[in-house]
Every structure is written in structure tokens, then in C-alpha cells.
Amino acid sequence: MEHTLRVYNTLTRQKEPFQTLIPSKVSMYVCGPTVYKPSHIGHMVGPVIFDTVKRYLTYLGYEVTWVVNITDVDDKLIVRARELNTTVKDLAERMTVDYLECLKRLNVTGIDHMPRATDHIAGMLEIMRGLIAKDYAYAAGGDVYFDVLKDADYGKLCNRDPEQMAGGARIEVSDKKRNPGDFALWKGSKPGEPAWDSPWGPGRPGWHIECSAMSMNLLGTTLDIHGGGLDLQFPHHENELAQSESFSGEPFARTWMHNGLLKMGAAKMAGSVGNVVNIADLLQRHQAETVRFLLLNTHYRSPIEYSDDRLVEVRKALDGFYRFFERFERITKKSFYTLDAPTVRRPFQAGAPSAAFVTEFVALWEKFLAHMDDDFNTGGAIGVLYELLSALNRCADTCQLESGKAAAEDLHAFERGVSFLKELSQLLGVFDKPRAEAKPASGELTITAHAPAVITGPPDARKLIAGVKQILDDVGGTLPPEVYSLDALIRLLINLRAESRKAKNFALGDQIRKRLGELGVTLEDRPGGTIWRKE
RNA sequence: GGCCCCUUAGCCAAGCGGUAAGGCAGUGGAUUGCAAAUCCGCCAUCCCCGGUUCGAAUCCGGGAGGGGCCUCCA
């Protein structure tokens, strides 16, 4: 494969050329949620980033298998289910649905398997038996613990020394453990708690063992990529790594990738801090695409600055793209959202002689990909996307593509550039469908000869139509009996305005524009005619 | 106390030894009857102090702030 993708590996603390165990195949495991509460935005950082990682790897020609687990048994679930007076199973089921819905909204489409921990108890027991047989683990009073001192390289992921961990007074106290740093593989259950049979009595899995069992079962003993939030690095990933390698004798993951955490002001967002923003609530106020863009705007290893103002800022920046897509449609009569663009990376020569704009587009396309090759630098790549947008608008301006007298050659160059924009947008998982709110308000005004006018449709649409009709009544006289859509009504006003402008009656024309503006409708006078936009 | 990491314009942010991407805000101009949209221009020497180097935001040492992990956490 002719590319130079480099990825930062937490294990070695440096960027390395990306190489897979099996040529052209990638196995990727990312730690998913414990489903005991509705998801907050922090839960979406990893999925969005690794979804983009998968998109890019696929684009490079890899066949990627991506697994995200669902932890559906855990102390928190037990406590929460009790609070809600329901079962662990029911709670897990409902929170899983919530999580899946969030993934869908944020366009996280690449996950191949989402195993539930409770479906893999047998695999966990097998690992525990193996670890005990090899003397890496021991049973004690119904529990099973991993002995960190038996594992020679324990702590290598996070640079921890198990000998010194005794000093930390915050490690869970238990007289069953041999060493303070030992962690539970299996927890004997108390009456009333979910339990599975095991050679050591009824119990449930410890926190880390599930990921070892599920990843090995679905992806084999050695993963190409293991991902997760920075906060999982220790103890979760360290322990996962220790038990997996001790069990299999093989390297557990070739590359460890950790994403930065979302922060609000100074502190990270987390359940334990109590400053979480629920996604369902958030998506009432902001487009899912804006959220996805915000998450990708910062390099994945850095903390992401989150706030409502930031989201508004990103949205304003995105508006430039949405307007451009409309412009593209006016010029070519094609929808950007359904364009076909290459899904696999290949060399591209502009060819000579070539339009200057094509040369520029190709250069930006390459610049974007160079950023992605550098440890999935989506922030840098997005910067290039804005540059490409400017270049495309400049092309449309310079070549007068909206005037109707565009040269075929210029049009071709333009479409070439738009195709690049489409190709790159796909890598980020954005701009693949119109914004939900961009759909024109549906509603109708029916005028009949001898009855009052009737307006139908949802409240928003009715209000808007009534407002537009009022303007018409004020400036346009009577309407012939007919059924009018919102667009038809605004068109009538636009025509009225055009006539008055032609007659140099700017006062009336400006009044129409001003009053439409008060309804949130903006008019733009373009070479091909006036267009309107609801904002 | 131990282990990591960060500090770039008003805000967000890229940058990984060769002379500061991009976005938001601001501002000047082109365009427009006026707007809107679009385009072009302007807007930072990179927390501080030393050092290495022909050359450092980028490497090393020290200092000052800030964050994460060591307990559940994406």
C-alpha cells in the first residue's frame, strides 16, 4: 500500500508507521459505555473519532472490523436499577437503545459488532481458568484476582510500578487481595445481585475482563488498534492488557489510541464531576452535524473545548458550506448530498494543460490527505476543507458560473473541485444529507372565492404563511383563489419586489425585503434571480 | 506523593527544526440602487528565563500557570 499513515501509539509514546498484523486488514476495538444512564456528549467523542478513523482506513484500502462493547453488568447498573425499581436487564436494555440512537444521530455508522458483556461470560471464565492455571490469578473467598506482581511487565502502558502502588491509599481495600494493585476478575455475588455460575461460586465479572474476552473472541488474540478515552488508560486498559497477554502469551494490541476528553471551562466533563450535557437535550438545540464537526475540529488526542457558544460558532462556519451546496445546485441542478465521489484513495494527476483551478483543487485535496496521514489530524484537515470551499466559491465567482454564460470547461473544473469536496466530506462523515431543519416548512394557504382563507400545516409553518400573507395583503392587493405553498407566496412577493425595483420604486422593494426579514426570511439577489432562505 | 500531558491572536484551533493553516468575532475594499451572499486585504512571533543550532512555536534545562490519571468515568 502506497501511503505513509503514521499513528501515535500510547504504548511507545510516539508516532509509528501504521502496519497491520494481516496485510490490508484492520481489527479495531474501542471501549464502549456502561449502560446505566443516558449518554452525554463525552460518550460520543470516541465513537465519532474512531468512526472517522475507520472511514479513513477504509479509504486507504483496508478492510476494517470494528468492535464496540456494551457493558451491561456492573456495580453501577445494580445500584441504578435498584433506584429505579427495575431490573439490571431492563435498565441496560433501555440505556443501550439510547446509546444506539445517539450514535445514529451523530452518523457513527462503522461499528461492525456491539457485543454485550453478559453474552460472553463463558469466554471470561475461560480466561480466568487459564490465568489461574498459569498462576497469574488466584481465587479468594468467591472472588478471583489478578496478581500484578506475577506479571513481569505490568504497568508498561501507563508507566506504573506495581511495587509502588501500595503507597496509594485510594486503591480499593480488600483483605482478600495479595497486593494492593491486584484487581478483580470475578466478584462473588451477594444475594439479589445478578449472578452466573463459576468454578468459584456464583458471581459476576470484574470490570476489565469483559473487554479481553470480547475482543479476543471477535477479533483474535492480537488487535491492530485498541482505542478508548484517555481516562480509561489506567487502570482499565493497563489491566486489560496485563490479563490478556498473560493469558494468551501474545501481544494484545499493536497500537493503543487514546482520545482526549471533553472539557467545559477548566474541568473535564464526566458523571463524577456532575457537569454532563445529555445528548438528547443537546440535540434539541443543535444540529447533530454541528456536534460531530466540533468533535473533529480538535485533534483527537487533545482535550476538546465544549460550550454552547462554541457550537454556535461552529454552526456559523458550517453555514458557509450549506450555502455553497445550494449554490452548487443552482449552477449544476445537482444535489451535493447525493453526489458520487471516489471512496478509495488513488493517485490523481491534474493532467496538463489543466485549468488553474483544477491544479489548486488537487493541491488542497492532497494537503487534506496529508493531514489525515499524520495521525488522523482532522483539525488540520478541516482547515483545508475551508480553503477548498473558498477556492470553489472563487471559481464560481471568477468564471461567472451563475450567470448562465459559463464556459463548459470552467464548469467542468468546478465540478471536479466539488467532487473533491464530496470525497473529503465523506471521510469526515459530514454533508451526506441535507440538514433536517433545512427542509422547507410545509403548509398551505387555500383561498376560495367566497370563504375565509384557510391555512394548514404545523404551527411554525402556519405562522410563517400567515406572516407572508399579511405582507401580501398590505402591499399586493387580493390573491386569486388558489392553493398556495409557502414558496409560491414568497415568490409572489419576490416578483412584486422585482417589478417595483424595475420601476425604480426601491422603497416598496426594500419594505418587502425588510418585512420578510422580520419573519426570518432572507432575500439574496443573484445573477440568476432572487432566492430566499429561511433562517 | 507517583505517572502522564498542556500553555499559539479577543475566542476556538493546526503546527513535530527552516522562518506562524483555518474558523468565529473585528476591520478595510471589490460587488450591490441599498442589502444579503461571495471574493480579496488587514488583524499573533507562539507563558517566562537560559541553552543547543546557521536557524526553534517546534529540541534540552529551569521557572510560572493549567489539566488528566492513580477510586467510577468515554
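Since this is a predicted model, take the numbers as computed values, not measurements.
- Computed from coordinates, the Glu387(A) CD to rA21(B) P distance equals 9 Å when rounded to whole Å.
- Among the heavy atoms of the strands lying under 4.0 Å from Lys367(A) are primed sugar atoms or P, OP1, OP2 only; no base atom is included.
- Picking from rA14(B), rC70(B), rA74(B) the nucleotide with the shortest atom distance to the side chain of Thr298(A) gives rA14(B).
- Applying the 4.0 Å criterion to OP1 and OP2 of rG15(B), one finds that Asn377(A) has a side-chain N or O inside that range.
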Take nucleotides 30-41 of chain B nucleotide by nucleotide from the 5' end and write B, S or -, depending on whether a protein heavy atom sits under 4.0 Å from the base, only from the sugar-phosphate, or from neither.
---BBBBSSSS-

Protein-nucleic acid N or O pairs under 3.5 Å, nucleotides 4-10 of chain B:
residue : atom : partner   : partner atom : Å
rC4(B)  : OP1  : Asn159(A) : ND2          : 3.1

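- As rounded to the nearest Å, rC43(B) and rG29(B) have C1' atoms that lie 15 Å from one another.
- Within the nucleic acid shown, Gly383(A) comes within 4.0 Å of at least one base atom, counting heavy atoms only.
- Here the C1' atom of nucleotide rG15(B) and the CD1 atom of Ile382(A) are 16 Å apart, to the nearest Å.
- Ala317(A) comes within contact range of the sugar-phosphate backbone alone, with a heavy-atom separation under 4.0 Å but no base atom that close.
- Residue His236(A) is out of contact with every strand shown, counting any heavy-atom pair closer than 4.0 Å.
- Residue Leu261(A) is classed as a base contact, given a heavy-atom separation below 4.0 Å to a base.
- A donor-acceptor contact under 3.5 Å is formed by the side chain of Arg160(A) with the base of rC69(B).
- Residues His40(A) and Lys268(A) both approach RNA chain B. Their nearest nucleotides, taken by heavy-atom distance, put Lys268(A) toward the 5′ side.
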